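A short worksheet on the structure shown next.
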Amino acid sequence: MTRPDGRLNHDLLPTESLPQDECGVFAVWAPEEDVATLTYYGLYALQHRGQESAGIAVANGRSLRVYKDMGLVSQVFNDQALRPLRGHMAIGHTRYSTTGASAWENAQPTLAGDDDRTLALAHNGNIVNSAELLDRLTEMLDGDLTQAAGEIARGSTTDTAILSSLLTMGEGEVLDRAQRLLPDVRGAFSLVFLDENRLYAARDPQGVRPLVLGRLTRGWVVASETAALDIVGASYVREIAPGEIIAIDENGLETRTFAAPQPKGCVFEYVYLARPDTRIAGREVYDARVEMGRSLARRHAVEADLVMPVPESGIPSAIGYAEESGIPYGLGLVKNAYVGRTFIAPTQSIRQLGIRLKLNPLKHVIKGKRLVVVDDSIVRGNTQRALVKMLREAGAAEVHVRISSPPVTWPCFYGIDFATRAELVAANMTLEEIRTSIGADSLGYVDPADMIAATEQPADQLCTACFSGDYPIPLPTDERTGKDWLDLERAARRTDPTDVGSQQVREQTRDFAQNPGRP
């Protein structure tokens, strides 16, 4: 059962807010392939990065067509939806909203342009100076955003829509305009975009979010994770470098540098966000998580009978903990495969079932056992509190909680939707207070240095802001920040087209998205 926005569920617990994945992007240039179907499969592999909406844009050298809607990839696309998407190159997107509400108008790829130039763009990350970019766009349009050549004029309230409109303005080809604009864009952005003739990809100078290049027999692929390359049969070539922009057409691949690289890859990709079968900066994510579990066992040893993960994200680290400690590994919880990360709780009685709708204990495995329970992170603590209570009710003699990341004490502004600092339990409680709050017999977090060592990346090339508060990209002092700032901005400026009827705007935007550009 799904919500109207297509997500499988709401919060696992009514009072909990888990770290949400940001977005997944995919692009392919392959004249002899069914690029829409390849993009569909690529997005399927990236579904974990966003479950609110999905979309694909295809170009054939003469025109550009976009199809997108709210929902999971498998809900948005079928044979009927994919059949009209014919061309030799495509981009795709699966979204979790970090700027702009979860609404159809904010689904991606975002479209911009007019009869002379058309561009579709998909974005993973979060731009921190989007208010400044909006001011630039507004000035270029003499204060009237309704004149923007793109979805920013048709109801979109995303930083991506601002960026796509700016990329269609100014002199020169798309690559030239992008090289002029992107040095002024601050924040995390892994981009794939296309016009009628060329495919493009770019990554911010810090390389916060992953972006990789792959090779097909007769084409090229760009994706958020190497797992998406695997599913479409593409071989890994390299990462798109921080500060790099590439263009692909029948003449091959052209690459430029628009800013000096200052690598600060997100360490939370290794902890939780990326698929375990993905490789980032040469390091297998699965191996990194297993090593985090080993380091937990070395620093937070305990006498116990069973090491068990919280499915699914805790599995690799639990395996590492068991291997290092010598304590047997086993599954003490069974996950309902047909419930996503959250569930619909329409009544109080269902709400009280809480975590049981998602996880059910194996009582005969748990009863009388001293358990080491390995999870990836604690945000507010409500999930762990319910989990410990459930395990004790199932007969556990002791419950020792081990977390394969350091305490999350700061919010992310680069594309992960964490709770606010006031809601982060580790920002407001000591370790002992957290242990008491969740009801565990003991609690241990991975050491920050051990986490970094597990990634096999230099410490100065990783962003650890959510653990350390050290933000590598300066945050704006502008009050226009936060997920919903542009929605509020539109209301203040009275330029929100939903004032004339949301259904009318929806249909106008849908028509534009399906019939853009030159015939």
Side-chain angles (χ1 to χ4, degrees), residues 24-49 54-67 73-74 77-79 81-94 109 119-122 124 174-175 190-203 209-241 244-256 274-286:
V25 299
F26 185 89
V28 56
W29 186 91
E32 299 181 37
E33 301 285 352
D34 181 350
V35 294
T37 300
L38 284 176
T39 303
Y40 168 82
Y41 285 120
L43 293 180
Y44 211 97
L46 299 172
Q47 184 71 86
H48 61 289
R49 298 187 73 87
I56 294 174
V58 173
N60 60 14
R62 300 178 305 278
S63 63
L64 191 159
R65 174 169 288 191
V66 177
Y67 187 95
V73 175
S74 60
F77 294 102
N78 53 29
D79 288 341
L82 291 170
R83 195 175 299 119
L85 299 177
R86 297 301 177 190
H88 64 278
M89 57 182 171
I91 63 171
H93 188 267
T94 182
L119 180 141
L121 183 146
N124 172 208
V174 173
L175 189 59
S190 287
L191 308 175
V192 292
F193 50 108
L194 51 73
D195 58 14
E196 289 86 350
N197 300 298
R198 297 186 93 184
L199 178 70
Y200 308 88
R203 197 174 178 202
R209 299 284 152 229
L211 194 65
V212 296
L213 177 67
R215 195 75 164 97
L216 293 168
T217 303
R218 295 179 295 273
W220 298 90
V221 177
V222 177
S224 291
E225 297 186 25
T226 60
L229 303 183
D230 297 336
I231 201 171
V232 300
S235 59
Y236 173 82
V237 176
R238 62 176 177 86
E239 292 201 352
I240 304 297
E244 180 185 20
I245 180 171
I246 67 170
I248 301 170
D249 59 17
E250 66 274 8
N251 297 316
L253 186 147
E254 179 181 354
T255 180
R256 297 183 186 179
R275 282 175 49 146
D277 54 341
T278 278
R279 184 170 66 254
I280 301 176
R283 176 62 161 163
E284 298 289 344
V285 170
Y286 175 86

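Please read these numbers as outputs of a predicted model, since none were measured by experiment.
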Handout entry: With Y41 via ring pair (Phe, Tyr, Trp, His ring centres under 6.0 Å) - residues at least two apart
Key = none
Handout entry: Pairwise distance CG(L119) to CD(E196) - rounded to 0.5 angstrom
Key = 9.0 Å
Exercise for the section: Locate the shortest heavy-atom distance separating A202 from L211; write the atom from each residue and the value. Expected result: O-CD2, 3.6 Å
Problem - Side chain proximity check, D195 to Y200, heavy atoms < 4.5 angstrom - result: yes
Completion exercise
Across all chains, not counting sequence neighbours, the side-chain contact (heavy atoms from CB on, under 4.5 Å) partners of A59 are L64, M89, L194
Practice task
Decide yes or no for N124 and V192: does some side-chain heavy atom of the first lie under 4.5 Å from some side-chain heavy atom of the second?
Solution key: no
Handout entry: Side chain proximity check, V28 to W220, heavy atoms < 4.5 angstrom
Key = no
Practice task
Supply the atom-to-atom distance I231 CD1 to Y44 OH, rounded to the nearest 0.5 angstrom.
Solution key: 8.5 Å
Practice task
Just jot down the salt bridge (Lys or Arg N to Asp or Glu O under 4.0 Å) partners of R86, sequence neighbours excluded, or say none.
Solution key: D34
Practice task
Just jot down the side-chain hydrogen bond (donor to acceptor under 3.5 Å, both in side chains) partners of E32, sequence neighbours excluded, or say none.
Solution key: R218
Fill in the blank from the handout: Heavy-atom nearest pair, I240 first then I246, reads CD1-CD1, 3.7 Å
Problem - For P84, all residues meeting side-chain contact (heavy atoms from CB on, under 4.5 Å), sequence neighbours excluded - result: R65
Handout entry: Pairwise distance CG(L82) to OH(Y67) - rounded to 0.5 angstrom
Key = 9.0 Å
Handout entry: Heavy atoms of other groups near N251 CG, more than 12 under 6.0 Å
Key = yes
Exercise for the section: Over all heavy atoms of both residues, which pair between S74 and Y40 is shortest? Give the atoms and the distance, please. Expected result: CA-OH, 4.0 Å
Practice task
List in chain and number order the residues that pass salt bridge (Lys or Arg N to Asp or Glu O under 4.0 Å) with R275, two or more places apart in sequence or in another chain; answer none if no residue qualifies.
Solution key: D277
Completion exercise
Note: W29 and H88 closest approach over all heavy atoms is NE1-CD2, 3.3 Å
Practice task
Find out whether V58 and V35 are in side-chain contact, i.e. whether some heavy atom of one side chain is under 4.5 Å from a heavy atom of the other.
Solution key: yes
Problem - Sequence neighbours excluded, every pair satisfying salt bridge (charged side-chain N to carboxylate O under 4.0 Å, His left out) that has a member inside residues 37-47 - result: none
Completion exercise
Interatomic distance, CG@L43 vs OG@S224, rounded to 0.5 Å, equals 9.0 Å
Exercise for the section: Specify the closest pair of heavy atoms between A228 and G42, including all atoms of both residues, with the distance to one decimal. Expected result: CB-O, 3.8 Å
Problem - Of all pairs that satisfy salt bridge (charged side-chain N to carboxylate O under 4.0 Å, His left out), the ones with a partner from residues 219-228, not counting sequence neighbours - result: R49-E225
Exercise for the section: Give a yes or no answer on whether the side chain of T39 reaches the backbone of I56 with a donor-acceptor pair at less than 3.5 Å. Expected result: no
Fill in the blank from the handout: Nearest heavy-atom contact between A201 and F193 is N-CE2, 4.5 Å
Problem - Any N197 side-chain heavy atom under 4.5 Å of V174 side chain - result: no
Exercise for the section: Answer yes or no: is there a side-chain heavy-atom contact under 4.5 Å between L175 and E254? Expected result: yes
Fill in the blank from the handout: Hits for salt bridge (Lys or Arg N to Asp or Glu O under 4.0 Å) against R283, two or more places apart or cross-chain, chain-then-number order -> E456
Exercise for the section: Would you mind listing every side chain to side chain donor-acceptor pair (under 3.5 Å) that reaches into residues 232-241, with sequence neighbours excluded? Expected result: R203-E239, R238-E244
Practice task
Indicate yes or no for a side-chain donor-acceptor contact from S190 to the backbone of R209 under 3.5 Å, with no hydrogens or angles considered.
Solution key: yes
Problem - For A234, all residues meeting side-chain contact (heavy atoms from CB on, under 4.5 Å), sequence neighbours excluded - result: L216, V221, L229, V232
Problem - Sequence-distant partners of D230, side-chain contact (heavy atoms from CB on, under 4.5 Å), two or more places apart - result: none
Problem - Minimum side-chain heavy-atom gap L199-D249 below 4.5 Å - result: no
Handout entry: Straight-line distance of I245 CD1 to L191 CG, nearest 0.5 Å
Key = 8.0 Å
